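Notes for the one structure printed next.
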Amino acid sequence: MKWFARWAKHKVAEGAVPIHIGIIMDGNGRWAKKRGLPRSAGHRAGANNLKTIAEYCGSIGVKYLTAYAFSTENWKRPKEEVDAIMDLLLQYLRDVDQLAGKNVVVRVIGDRSALSEEINREIDHVWEYTKDNTGLVMNIALNYGSRDELVHGMRVLAERVRRGELAPEDITEQMVSDSLYTAGQPDPDLIIRPSGELRLSNFLLWQGAYSELWFSNTNWPDFTTGQLAEAIAAYQTRSRRFGGV
Ligand code: FPP
């Protein structure tokens, strides 16, 4: 088998590299617990790992990476943990030069209305600062939930129906896709969930209708570029039929 030497440490097998990868960054808490550290330390390690993985994705030709950072359900966690994640996110967005230096376009997907003014300001700034980059598009899913996103999209379409601009029978799948936070982006080819949990947890449910899924037992902070290369190699062996034969 031929290999691309695009990455010094972990090579990706020749074949189609997924255009869009989604990652559920799970297992931060368990990573910290194993080390006798507070959960926030796990989230910090997880946030750092996202930088490594994003850089790797950019280097092998992945065009979109969507990382699940905070779900609409994560508000149920203790305030201390929610605050720690929000602080990390703020820091992450403020490290924009690092990301911009890697030619990354940073977008946030999710319901921004519940986020602090400070975070909203940084989100606008990071978008403005990186939007003309030409490398990897990194979607950070923040206060994101697929069902919430669909409700939001349905309301946008319902409003158009109410205004008489659109007949219900004219609503298409494309219109639904275009009403989501990921409008204009291709659906994920591959969704990865580390940490041993085998579920999607309200992540990209519409967009992931035909995504290939890959699970690993490693907690997210320990998930390596080598494991990502393995996931991509597995993806390349899958036969994607999209409902056909
Ligand atoms: C799931 O692990 C992880 C989260 C709910 C938060 C993910 C957040 C980060 C990686 C840090 C912030 C992100 C960025 C982009 C700066 P868990 O806490 O459910 O782990 P457990 O299942 O082991 O308890």
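Just so you know, these numbers come straight off a predicted model, no measurement behind them. Note that ligands are numbered from 1 as they come in the structure, with each ligand's atoms numbered from 1 the same way.
- Between Trp220 and ligand 1, not a single N/O pair is under 3.5 Å apart.
- Residue contact check for ligand 1: Glu197 places no non-hydrogen atom closer than 4.0 Å to it.
- Judged by a 6.0 Å distance limit and a 45° cone about the ring axis, Arg193 is not positioned over the six-membered ring of Trp214.
- Nearest protein heavy-atom contact of atom 3 (C) of ligand 1 is Met25 O, 3.1 Å.
- Scanning all protein heavy atoms for the shortest distance to atom 11 (C) of ligand 1 gives His43 O, 3.5 Å.
- Under the 3.5 Å distance criterion, the side-chain polar atoms of Asp189 are matched with a main-chain donor or acceptor of His20.
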Which is it for His125 and Arg94 under the side-chain contact (heavy atoms from CB on, under 4.5 Å) test, yes or no, and what are the steps along the way? CA-CA 9 Å; His125 176 245; Arg94 283 181 176 155; over 6 Å; no
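- Residue contact check for ligand 1: Gly27 places a non-hydrogen atom closer than 4.0 Å to it.
- Among Asn74, Leu88, Leu90, Leu89, the residue whose heavy atom lies closest to atom 14 (C) of ligand 1 is Leu89.
- Of the protein's heavy atoms, Asn28 ND2, 3.7 Å lies nearest to atom 9 (C) of ligand 1.
- Scanning the protein for heavy atoms near atom 22 (O) of ligand 1, the closest one is Arg30 NH2, 2.9 Å.
- Put simply, the side chain of Glu55 does not reach to within 4.5 Å of the side chain of Thr52, judged on heavy atoms.
- For atom 12 (C) of ligand 1, the choice among Asn49, Ile23, Ile85 with the nearest heavy atom turns out to be Ile85.
- Each of the following atoms of ligand 1 lies closer than 4.0 Å to a heavy atom of Leu50: 15 (C).
- The nearest heavy-atom contact from the protein to atom 6 (C) of ligand 1 is Ala69 O, 3.1 Å.
- Residue Tyr92 approaches ligand 1 through these ligand atoms, each under 4.0 Å from one of its heavy atoms: 16 (C).
- Two residues are said to be in side-chain contact when any heavy atoms from C-beta on lie closer than 4.5 Å; Leu89 and Leu142 meet this criterion.
- No N or O atom of Trp31 sits closer than 3.5 Å to an N or O atom of ligand 1.
- In summary, the atoms of ligand 1 found under 4.0 Å from a heavy atom of Gly29, numbered by their order in the structure, are 17 (P), 18 (O), 20 (O), 21 (P), 23 (O), 24 (O).
- A single hydrophobic cluster is not seen to contain both Met86 and Tyr144; linkage of ILVMFWY side chains at heavy-atom distances under 4.5 Å, directly or through other members, places them apart.
- A cation-pi arrangement is found for Arg35 relative to Trp31, the charged atom lying closer than 6.0 Å to the ring centre and inside a 45° cone about the ring normal.
- Salt-bridge check for Glu73 with Arg147: failed, with every basic side-chain N at 4.0 Å or more from each acidic carboxylate O.
- One finds a salt bridge joining Glu159 and Arg162 here, because a Lys/Arg side-chain nitrogen approaches an Asp/Glu carboxylate oxygen to under 4.0 Å.
- Shown in contact with Arg77 at under 4.0 Å from a heavy atom are these atoms of ligand 1, numbered in order with element: 5 (C), 17 (P), 18 (O), 19 (O).
- Between the Glu149 side chain and the Tyr181 main chain, a donor and an acceptor come within less than 3.5 Å of each other.
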